[in-house]
Each structure stands twice: as structure tokens, then as C-alpha cells.
Amino acid sequence: MRLNGRVAIVTGAGRGIGQAIATLFAEEGAKVLVVDWNRESGAATAAAIQAAGYEARFCYADVSRAMEVEAMAGAAVGAWGRLDILVNNAAIQVVRKLVETTEEEWDRLQSVNLKGVFLGCKYAIPEMIRGGGGAIVNIASVLGLVGDPELAAYCAAKGGVITLTKAAALTYGPQGVRVNAICPGDVDTPMAQEYFDAAPDPAALLQEVASKYALRRISSPREVAEAALFLASDASSFMTGAALVVDGGLLSKCY
Ligand SMILES: NC(=O)c1ccc[n+]([C@@H]2O[C@H](COP(=O)([O-])OP(=O)(O)OC[C@H]3O[C@@H](n4cnc5c(N)ncnc54)[C@H](O)[C@@H]3O)[C@@H](O)[C@H]2O)c1
């Protein structure tokens, strides 16, 4: 039980990576606030965790709205008296080259994927400091480290998440708050599925993408959740400001 008694918030936990993280954290003894702007899937994740005998509650929030994120942090403290862990996972994807990206698409993506991480940290950190420290895990991407010609706004936001992670780590390390990021490669989630489904031959695209990986496959959500568990737990007690690459060897290759 690597998170015994800890109180954790996981955003975007209605499906995909966030759902896997919320489930694994609960299995490891955490009390988990499952946050999503999709009430149905968020409530279903919390209910599944409870049905398995673990502790979770659902909280509605759109991570791009300050008041809702502040209320989210308050809900965790209100329910369980403290806040130890925050996973900023919620994000959206806009598949668009730079010139074709509209100003509205750019603003919408940055407000969820980058401002959402800022707001999560802003309202969680004071609660963590009050409790003597904490751990924040920001879900970035390999696309915060390298570019993708079709995902200009997404890459920019994920790069921002990595450097915001480092800035926050420097500011709040002295008060016992560790802040790290994870950079996954492709992960088998609804977000990735939607990307593949948009191709003329989704199966062929998946196969082509998988062939780029040293491990010749994409990741499962659980494999990213294991990395998040490591960064949220005391096993990573001397890590802060890191961008942990979980990419099956994708970025190890130049040609
Ligand atoms: N799937 C991949 O291949 C992949 C690769 C690298 C990084 N990531 C990152 O991992 C994280 C999770 O991705 P996923 O593939 O599980 O995505 P997903 O789309 O399958 O799930 C995202 C969840 O976040 C919720 N969400 C979206 N915007 C929200 C908002 N404003 N407020 C609250 N909830 C919101 C959605 O309702 C959904 O439940 C994201 O940060 C994504 O950028 C994914």
C-alpha cells in the first residue's frame, strides 16, 4: 500500500490514463477525488472504485475554470481533511497544423492543457503546504519534448507544462511540495483511439505508429499509472522538477 492514508485528486479521471491512475492510487490506499467535466464517466469511475472496496468520490470541475478548480481542492480537503497528491491529467487534443489552427482552438486548448495545470497547482499547493508537503504529477507528453507537425497547439501546451513543472518545483521544494511531469508516448486510450479513427485505415496507422517504438507497441494506461504512482509516492522522495519519459524507447532514436 504505497499511498496508505493519502488524499489524492486526479483530474480527467473519467476515462483513459486518468481513470487508470485514480484506480491504481485507490488500490494503493489513497482516498481519491475523481475529477472530470463529464459527469457520467467521472461518476462511473468513482463508483467502480467504490464497488471494488476502495475509497473515492466524484467531483465535477472544468479544469480551465478557476472557481471550479478552487472548489475541487476544497472538496478534497472538505471530505478528508487534507490534500497530499494532485495529478493534473485532464487535457484535450486539436489535430491541426499551425497555420490552420484557429485562434479559438488555440485558446481553448491552452486554457485546458496549460492553464488547467497552472490552476490545479495554484489551488492545491497551499493546501499541501498546510499539511506539511505533497506531490504533484503533471501529465505532459513526449510532444512537450519534440514536435509533431499536426499538433502545434498541443505541443506548445505540453512544452509549457514541463517548464511550469520545473518552476513550481523550485518555488515550493523548500516547503516539501515535489512537482514532477510524465512524458508518455502513445497510450491506448479513447483520445488516442479518436486520433487513429480519423485516419483512412486506423489499424494500419496504429501498426505504423507501433513500429516506431523500441518495444513495437504503444503503452497501456496502467503503465503510465505505474509511473504516476512512483512520482506520487515516497519511492521518488528525492525527485522534483523531473520530466519522466515513459515512451517504450520512442525518443531514443534519431533516424
Ligand atoms: N493517449 C495518449 O496517447 C497520450 C500520450 C501522451 C500524453 N497524453 C496525455 O495524457 C492525459 C490523458 O489523456 P487520455 O489519452 O487519457 O485522454 P482521454 O481524452 O481519453 O481522457 C481525458 C479525460 O479528461 C477529461 N477532460 C478533458 N478536458 C477536461 C476539462 N477541461 N476539465 C475536466 N476534465 C476534462 C475528459 O472528459 C476525459 O475523461 C492528457 O494530459 C494527454 O494529453 C496522452
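Counting convention: from 1, in listed order, for ligands and their atoms alike. Residue numbers run from 1 in the order of the sequence given.
Proximity of a side-chain donor or acceptor of D36 to a complementary backbone N or O of N38 within less than 3.5 Å is detected. Distance alone, capped at 3.5 Å, is enough to place a donor-acceptor pair between the S236 side chain and the L231 backbone. In this structure, the side chain of N180 does not engage the main chain of T165 through any donor-acceptor pair within 3.5 Å. At distances below 3.5 Å, at least one donor-acceptor pair connects side-chain atoms of R178 with backbone N or O atoms of M239.
Atom numbering of ligand 1 starts at 1 in the shown order; those under 4.0 Å from a heavy atom of A61 are 32 (N), 33 (C). Ligand 1 places these atoms under 4.0 Å from at least one heavy atom of G16: 16 (O). Which parts of ligand 1 touch D62 is read off a 4.0 Å heavy-atom cut-off, strictly below it: atoms 30 (C), 31 (N), 32 (N). For ligand 1, the atoms sitting less than 4.0 Å from at least one non-hydrogen atom of N89 are 10 (O), 11 (C), 12 (C), 40 (C), 41 (O), numbered in the order shown with element in parentheses.
At the top of the distance list for atom 17 (O) of ligand 1, counting protein heavy atoms only, stands M191 CB, 3.4 Å. If you check which protein heavy atom lies closest to atom 32 (N) of ligand 1, you get V63 N, 3.1 Å. The protein atom (non-hydrogen) at minimum distance from atom 18 (P) of ligand 1 is R15 NE, 3.3 Å. Regarding atom 2 (C) of ligand 1, its nearest protein heavy-atom neighbour is V187 N, 3.5 Å. The nearest heavy-atom contact from the protein to atom 5 (C) of ligand 1 is G185 O, 3.0 Å. W37 N, 3.3 Å is the protein heavy atom nearest to atom 34 (N) of ligand 1. Scanning the protein heavy atoms around atom 37 (O) of ligand 1, the nearest turns out to be D36 OD1, 2.6 Å. Of the protein's non-hydrogen atoms, the one nearest atom 24 (O) of ligand 1 is G12 CA, 3.2 Å.
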Check against side-chain contact (heavy atoms from CB on, under 4.5 Å), W37 and E68
CA-CA 10 Å; W37 66 0; E68 294 176 18; over 6 Å; no
For a side-chain contact (heavy atoms from CB on, under 4.5 Å) check, start with the C-alpha distance between I162 and K158, then their side-chain angles and the critical distance, and finish with the verdict.
CA-CA 6 Å; I162 292 170; K158 293 301 188 182; 5.8 Å; no
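On a distance-only criterion, A90 and ligand 1 share no N/O pair closer than 3.5 Å. Considering both main-chain and side-chain atoms, S64 never comes within under 3.5 Å of ligand 1 through any nitrogen or oxygen pair. Between S41 and ligand 1, no pair of N/O atoms sits closer than 3.5 Å. Residue contacts with ligand 1: I17 is placed with a nitrogen or oxygen under 3.5 Å of a nitrogen or oxygen of the ligand (distance criterion only). Annotation: S141 places no N or O atom under 3.5 Å from an N or O atom of ligand 1; distance criterion only. Close N/O approach between G18 and ligand 1 is not found [any backbone or side-chain N/O within under 3.5 Å]. Every N/O-N/O distance between D186 and ligand 1 stays at or above 3.5 Å. Between T189 and ligand 1, at least one pair of N/O atoms sits closer than 3.5 Å. Checked against a 3.5 angstrom limit, the closest N/O atoms of V112 and ligand 1 fall outside it.
Under a cut-off of 6.0 angstrom, the local environment of CD in Q207 is sparse, with at most 12 non-hydrogen atoms contributed by other residues, nucleotides or ligands. Y172 OH: 12 or fewer foreign heavy atoms inside a 6.0 Å radius.
Under the 6.0 Å distance and 45° angle rule, R96 does not count as a cation-pi partner of W106.
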List the atom pairs, with distances to 0.1 Å, where a side-chain N or O of residues 196-205 and a protein N or O form a donor-acceptor pair under 3.5 Å, not counting sequence neighbours.
from	atom 1	to	atom 2	distance (Å)
D197	OD1	Q193	NE2	3.1
D201	OD1	A203	N	3.4
D201	OD1	A204	N	3.2

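Between R108 and E105 there is no salt bridge, since no side-chain nitrogen of the basic residue lies less than 4.0 Å from a carboxylate oxygen of the acidic one.
Proximity of F58 to R39: side-chain heavy atoms (C-beta onward) are separated by under 4.5 Å at one or more points. Under the 4.5 Å side-chain criterion, counting only non-hydrogen atoms from C-beta, C121 is in contact with N138. The shortest side-chain heavy-atom distance between D62 and Y60 falls under the 4.5 Å cut-off.
With F25 as the fixed residue, the side-chain contact (heavy atoms from CB on, under 4.5 Å) test singles out one of I49, I9, L3: L3. When each of I139, I182, T11 is tested with V87 by the rule side-chain contact (heavy atoms from CB on, under 4.5 Å), just one qualifies, namely I139.
Ligand 1 has no atom lying under 4.0 Å from any heavy atom of S219. Close to ligand 1: Y154, with a non-hydrogen atom less than 4.0 angstrom away. Every heavy atom of G116 sits 4.0 Å or more from the atoms of ligand 1.
Contacts with ligand 1 closer than 4.0 Å are made by no heavy atom of C183, backbone or side chain. Residue contacts with ligand 1 for K158 involve side-chain atoms from C-beta outward but no N, CA, C or O (heavy atoms, distance under 4.0 Å). Of the heavy atoms in A140, only backbone atoms (N, CA, C, O) come closer than 4.0 Å to ligand 1.
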